Amino acid sequence: MIITELSESLPEAEQRLLERVGELAVGFAAEAAEYDERAEIATGHLAALHAAGADTAVLPEWVGGTGLTYRGFGVLLRVLAKADPSTATIWLMHAGAAVGLAEFTRDTLGSFFADELLAGKRFANALSEPASGNRFLNPQQDAHPAAGGWTLTGAKRFVSGAEIADYLIVNARVDDAPAFFGVPLPDSSVSIIPIWDTLGLRATRSQLLAFDETLLRAEFRGRAPGPGDFQVIPAGLPAISLGIADAALAALAEHARSRVILGKPLSHQQWVQFEVADVESRLAAAHALYDLGLSQADSKRPSFFPTLMRAKYLANKVAVEVAQLGVRVGGASGYLKQSPIQRYLRDAEAGQLMAYSTEVMAGEIGREVLQVTDE
Ligand SMILES: Cc1cc2nc3c(=O)[nH]c(=O)nc-3n(C[C@H](O)[C@H](O)[C@H](O)COP(=O)(O)OP(=O)(O)OC[C@H]3O[C@@H](n4cnc5c(N)ncnc54)[C@H](O)[C@@H]3O)c2cc1C
């Protein structure tokens, strides 16, 4: 409802894209459980998104795309995440890596990475590493000077969509400062450590990658992220949890209406109504805060970043609450593997882990509110 109202205020080209994505999302939702069960990347979904123009749209105009508003981006991702959160997560990481590389290397490589994205090549974010924890923009692994650039030996964790990527964006410490590189794949020095088998978002196949003297080529080095860049990841992550929460609430309501206990649907029990009112109101507040952050980003207000951080914090927590209520309302039938209710709970948990985690954000927000300036 809120999303539909928001869509009406978007530019016409974005509304058309959102209609196409909305149509695709119906098919994605029908297949999401099977991809999750097999822990398989829905490559067809990603190809369909490219064909629908999602990749061109997410690329800002100044690097050769058509450029989505943040509000349009937020609607698109929520629709996708409600239908198939694994596809939404891979697409988000792909967009973040591709747009980042296109922006960071614009002055040195021209349109190279933008052209690759427009041609349908796939990108993945290899930023998180074992020792940096949630501070994925502060790599702890040093790259060492070598002919043609620098070499990296180490690991990157949870690289969503790594197996289908043509390029990685990789960060490493160079001369004590974070540096960002595009790494073309396949590269014999980059291998997968096959431990992928997770509780939730199983179809993202976010692999652990090992780097063994991998050459980070000087010509593929980009500048550091800057204030004018399109903030794909911070603007997108709240949408993953909000989409999962929307889907979990819809499944809960469907179950409550259809399950009859002692002659009446479960939805007629007062405790269910009260609890649903509570989570639904908080979910609506999380959507509204997210929409505020997106609008602030579109108006280039610096306040957008703290707002989006709070939106992610709230969305991550609300998604788990909605999904947990779903398990209670679902009873034993919702606990069956064939029910979507259990999948929403597994997927909702992942939102809190993705950087910045709810714990890291709580520290940031708490320190800001309490005006704690030292460690
Ligand atoms: C489904 C999924 C997909 C992902 N996809 C990608 C991807 O495509 N690319 C990518 O680079 N990364 C990706 N990640 C990684 C993710 O974004 C996190 O950066 C990474 O998970 C953090 O490491 P960790 O999970 O080992 O947790 P840890 O960092 O070990 O966290 C363990 C606990 O410590 C807390 N903690 C960690 N650091 C701090 C701190 N500084 N202060 C206070 N508390 C802290 C955490 O909140 C958590 O409670 C993905 C993660 C998931 C779950």
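Read the numbers this way: they start at 1 and go in the same order the structure lists the ligands and their atoms. Positions are given from 1, in the same order as the sequence printed here. From a predicted model like this one, the values you see are computed outputs, not experimental measurements.
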Looking just at side-chain N and O atoms, do His287 and Arg78 make a donor-acceptor pair shorter than 3.5 Å?
yes
Atom CZ of residue position Arg367 - does it have more than 12 heavy atoms of other residues, nucleotides or ligands inside 6.0 Å?
yes
Asn171 side-chain N/O to Pro139 backbone N/O, donor-acceptor pair under 3.5 Å:
no
Lys156 side chain reached by Asn125 side chain, heavy atoms, under 4.5 Å
no
Salt bridge (Lys or Arg N to Asp or Glu O under 4.0 Å) involving Asp187 - partner list, sequence neighbours excluded
none
Report every pair formed by an N or O atom of ligand 1 and a protein N or O atom separated by less than 3.5 Å, giving atom names and the distance to 0.1 Å.
| residue | atom | partner | partner atom | Å |
| --- | --- | --- | --- | --- |
| ligand 1 | 5 (N) | Phe158 | O | 2.9 |
| ligand 1 | 5 (N) | Ser160 | OG | 2.8 |
| ligand 1 | 8 (O) | Phe158 | O | 3.3 |
| ligand 1 | 8 (O) | Ser160 | N | 3.0 |
| ligand 1 | 8 (O) | Ser160 | OG | 3.2 |
| ligand 1 | 9 (N) | Asn125 | O | 2.8 |
| ligand 1 | 9 (N) | Phe158 | O | 3.2 |
| ligand 1 | 11 (O) | Asn125 | O | 3.4 |
| ligand 1 | 11 (O) | Leu127 | N | 3.1 |
| ligand 1 | 11 (O) | Ser128 | N | 2.9 |
| ligand 1 | 11 (O) | Ser128 | OG | 3.1 |
| ligand 1 | 12 (N) | Ser128 | OG | 2.8 |
| ligand 1 | 12 (N) | Phe158 | O | 3.4 |
| ligand 1 | 17 (O) | Ala355 | N | 2.9 |
| ligand 1 | 19 (O) | Ser128 | OG | 3.0 |
| ligand 1 | 26 (O) | Arg157 | NH1 | 2.5 |
| ligand 1 | 29 (O) | Asn134 | N | 3.3 |
| ligand 1 | 47 (O) | Ser357 | OG | 2.5 |
| ligand 1 | 47 (O) | Glu359 | OE1 | 2.7 |
| ligand 1 | 49 (O) | Glu359 | OE1 | 3.3 |

Is the number of heavy atoms from other residues, nucleotides or ligands within 6.0 Å of CZ (Phe112) greater than 12?
yes
